[in-house]
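Scroll down for the structure; my scribbles are underneath it.
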Amino acid sequence: MDKAKIAEILIEIGVLLELKGENPFKTRAYSNAARVLENLAEPLEKVVLEKRLGEIKGIGEALEQKITELFETGKLKYFEDLKASIPPGLVEMLEIPGVGPKKIKTLHDKLGIENIAQLESACKSGKVAQLDGFGEKTAANICEGIQRRRTYASKHLLSDALRAAEPLLDGLREHPAVIRCSAAGSLRRSKETIGDIDLLASSKRPAEVIAFFVAQPSVIKVTAKGETKASVILEGGLQSDLRVVSDAEFPFALAYFTGSKEHNIIMRQRAIARGLRLNEYGLFKSTVETRDPKLLVRCKTEEEIFSRLDLSFIEPELREDMGEIAAAEKNQLPKSIEWSDFRGSLHNHSTWSDGHNRLEEIAEFMDNLGLAYWAITDHSKSSFQANGLDAERLRQQITEINKINDQFANRGSEFRLLKGIEVDILKNGLDLGEDILSELDVVVASLHQPSNNEIENTKRLVAAAKDSFVHIIAHPSGRLLLEREPYPLNIRAVIDACAETGTWMELNCNPRRFDLDWRHWPYARNRGVKCAVNPDAHRNENSGFLRLGAGIARKGWLEQKDVVNTLDLPALLKELRRKRNAPETAF
Ligand code: DGT
Ligand code: CA
Ligand code: CA
Ligand code: ZN
């Protein structure tokens, strides 16, 4: 078992012990040990083999033995016994936002609550509000959290759905009985969260394709299986539907099952207005519902279907009933950005704060990817839990980056790290002063500790946008998909402030964020606000988020010219200098 997995189990043990009401020193020892393991400089294997675990600060004899057992066997009897001694309903309650082990223990001890259903009814009957340390507000929050969890449980992150879908699609593509295949549904539309994975294939031998699909290694349960369609549950709990159609039907089925439902309804009406019928089987010369092949208007591709309805091709990401059909009619659809348009990224972390890679490693990696620049924007000092930088350390980092850039220049490479910071927006302004900010190439500003007051949050973000040293407002809403709602904010006011001051807004493309939401981008774009699609990378592999970010940017109707990190380095540097040189009144 590797050390990340072991650390995870240690953390879980700490939580379970807290649920049991063990003393806080004992419970904290486990989370401390987990952190120590994660930050271990040498390979765990070496330390275990040389029996030196016990010598490490934060790991006593008992922990040494447990870590060794996990490392060697992948199991831990102590952990299994501990889990078995706690009702599973109590552990499940931890998934409710704002409900921690201490509260759960109180609820269990005082009200005998053992699962989420009992907790919900106790909240509604007012029993929870009467408990010491709870109150009306807490009870209401718990209720809301339970409801939210219910909706979230049926949704999955785009990144998780893609990871599950790709091997399935690869398998279908190579299958001899498959003619064409594609993802459909919300996955093809690149929605930020996915209900289920819809797959479509065309074949003359559908039964073979269905049999192949349900036998895939990632399938843990087959929930429905017919001649031409099947539904399965995949590892991780995602559901996937496969439909197999004839190749003549394929483009129509693809258009239909790509959706969205709202988009389909308008397309259907458009067909009817032309004396035609559009459904999953075809486009028919008929005034009544039919699937009669003699009436079929043959189309080999989706493009031909759109064209037959006097529309230019609408990219799947745009099919959300956000005005795309009216725009397609007038040939005014955006020329969607492609992920290969990106030249770099403007918001990322290194080991100087909470990132996992050193500056040199980052530079090498991004240069090898063919990118032209990569901004290092570690956290500022107020984010002390993320080891944020003060002015002094930031100056050291600047020196370090200059050195690395010189090395690249000396070997004739044009790749550059950009010097930057992700500066916290505090109640009374930015976390760092102008003297140091002025030495940086790029300043990204984030609200990491919002208040629960809309006016207050809006004021802080607007002030940051007006600051002539801030280039980008990062993850403006603060949401975490399926986890945390946005903080209260007047987002239009923030967009307007960015438009007036020439400040850029981030489309943070960490798949848990995708923030600013794609639904706001058409407004921002119309106001002239430029977008930075930023992976907010904490490790080199996170550069892959850019690809997901392109999908979300396309949903936001963004084109290459709207996105600043598609600029080449000289053009980008010029744009970065523009805001600082501009007099405040110029906008
Ligand atoms: P999801 O799975 O909740 O993330 O969202 P979708 O869009 O993938 O929805 P899903 O899986 O229920 O259905 C896939 C597509 O099938 C959907 O986008 C449009 C089409 N579809 C499903 N039901 C209907 C319907 O009742 N009417 C129409 N016009 N289209 C439908
Ligand atoms: Ca779906
Ligand atoms: Ca479906
Ligand atoms: Zn960040």
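This is a predicted model, so every value here is computed, not measured. In what follows, every heavy atom counts, from backbone to side chain, and hydrogens, waters and symmetry copies are set aside. Atoms within a ligand are numbered from 1 in the order they appear, just like the ligands themselves.
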Determine whether any protein heavy atom is located less than 4.0 Å from atom 22 (C) of ligand 1. no
Going by the order shown, which atoms of ligand 1 are within less than 4.0 Å of some heavy atom of Ile194? 4 (O)
Under 4.0 Å from a heavy atom of Lys155: give me the atoms of ligand 1 that qualify, with their elements. 3 (O), 4 (O)
Checking Asp517 against Ile491 for the side chain to side chain contact (heavy atoms under 4.5 Å, CB included) test, could you report, in this order, the C-alpha distance in whole Å, the side-chain angles of both residues, the deciding distance, and whether it holds? CA-CA 10 Å; Asp517 188 284; Ile491 191 69; over 6 Å; no
Which residue and heavy atom of the protein sit nearest atom 29 (N) of ligand 1, plus the separation: Asn264 CB, 3.5 Å
Restricting to N, O or S, what is the name of the atom of Glu422 that lies nearest the Zn ion (ligand 4)? OE1
Quick one: angle His349 NE2 - the Zn ion (ligand 4) - His347 NE2, to the nearest 10°? 110°
Output yes when a side-chain donor or acceptor of Arg343 lies under 3.5 Å from a complementary backbone atom of Leu569, and no otherwise. no
Tell me: protein heavy atom nearest atom 10 (P) of ligand 1, and distance? Asp198 OD2, 4.1 Å
Could you pull out the atom name of the N/O/S atom in Asp196 that is nearest the Ca ion (ligand 3)? OD2
Is any side-chain heavy atom of Arg580 less than 4.5 Å from a side-chain heavy atom of Val443? yes
Ligand 1 atoms in contact with Gly195 (distance to a heavy atom under 4.0 Å): 1 (P), 2 (O), 3 (O), 4 (O)
Heavy-atom contact under 4.0 Å between Lys261 and ligand 1? yes
Among all protein non-hydrogen atoms, which one is nearest to atom 7 (O) of ligand 1, and what is the separation to 0.1 Å? Arg189 NH1, 2.9 Å
Under 4.0 Å from a heavy atom of Thr258: which atoms of ligand 1 are those, numbered in the order shown and with their elements? 18 (O)
May I have the step-by-step check of side chain to side chain contact (heavy atoms under 4.5 Å, CB included) for Glu422 and His475, ending in yes or no? CA-CA 11 Å; Glu422 178 180 11; His475 44 69; 3.3 Å; yes
Short side-chain to backbone donor-acceptor contact, Glu304 and Lys300, under 3.5 Å: yes
Could you tell me whether ligand 1 has any atom less than 4.0 Å away from a heavy atom of Leu187? no
Intermediate values then yes/no, side chain to side chain contact (heavy atoms under 4.5 Å, CB included), Cys509 and Ile552: CA-CA 8 Å; Cys509 57; Ile552 303 292; over 6 Å; no
Name the orientation class of the two ring planes belonging to His263 and Phe306 (parallel below 30°, tilted from 30 to 60°, perpendicular beyond 60°). perpendicular
Report yes or no: does Thr501 contribute a side-chain atom to a donor-acceptor pair with the main-chain N or O of Ala497 at less than 3.5 Å? yes
Any non-hydrogen side-chain atom of Asp310 less than 4.5 Å from a side-chain atom of Arg270? yes
Report yes if the distance between the aromatic ring centroids of His347 and His471 is under 6.0 Å, otherwise no. no
Nearest to atom 20 (C) of ligand 1, what protein heavy atom do you find, and at what distance? Tyr256 O, 3.4 Å
Minimum non-hydrogen distance to atom 17 (C) of ligand 1, winning option of Ser154, Ala184, Gly259: Gly259
For ligand 1, which atoms sit closer than 4.0 Å to a heavy atom of Gly185? 8 (O)
Could any protein non-hydrogen atom be found less than 4.0 Å from atom 2 (O) of ligand 1? yes
Using modelled atom types and a 3.5 Å cut-off, is there a donor and acceptor pairing between side-chain atoms of Asn405 and backbone atoms of Arg416? no
Per-residue contact class, Lys191 against ligand 1 - non-hydrogen pairs under 4.0 Å: neither
Would you check, one step at a time, whether the test side chain to side chain contact (heavy atoms under 4.5 Å, CB included) holds for Leu276 with Leu309? CA-CA 9 Å; Leu276 302 169; Leu309 296 172; 4.2 Å; yes
Among all protein heavy atoms, pick the one closest to atom 15 (C) of ligand 1 and tell me residue, atom and distance. Phe257 O, 3.2 Å
Regarding ligand 1, does Asp196 bring an N or O atom to under 3.5 Å of one of the ligand's N or O atoms? yes
Does the residue His263 have a heavy-atom contact with ligand 1, meaning some pair of atoms that are separated by less than 4.0 Å? no
Please give the atom name: the N, O or S atom of Asp536 nearest to the Zn ion (ligand 4). OD1
Say whether Arg268 and ligand 1 are in contact under the criterion: heavy-atom distance to a ligand atom below 4.0 Å. no
Short side-chain to backbone donor-acceptor contact, Arg479 and Asp515, under 3.5 Å: no
Quick one: which of Ala161, Ser186, Ala183, Ser240 has a heavy atom closest to atom 5 (O) of ligand 1? Ser186
Looking at Asp198, which of its N, O or S atoms is the nearest one to the Ca ion (ligand 3)? OD1
Does Asp424 reach the main-chain N or O of Ser383 with its side chain, forming a donor-acceptor pair under 3.5 Å? yes
Asp198 and Leu187, any side-chain heavy atoms less than 4.5 Å apart: no
Could you identify the N, O or S atom of Asp241 positioned closest to the Ca ion (ligand 3)? OD2
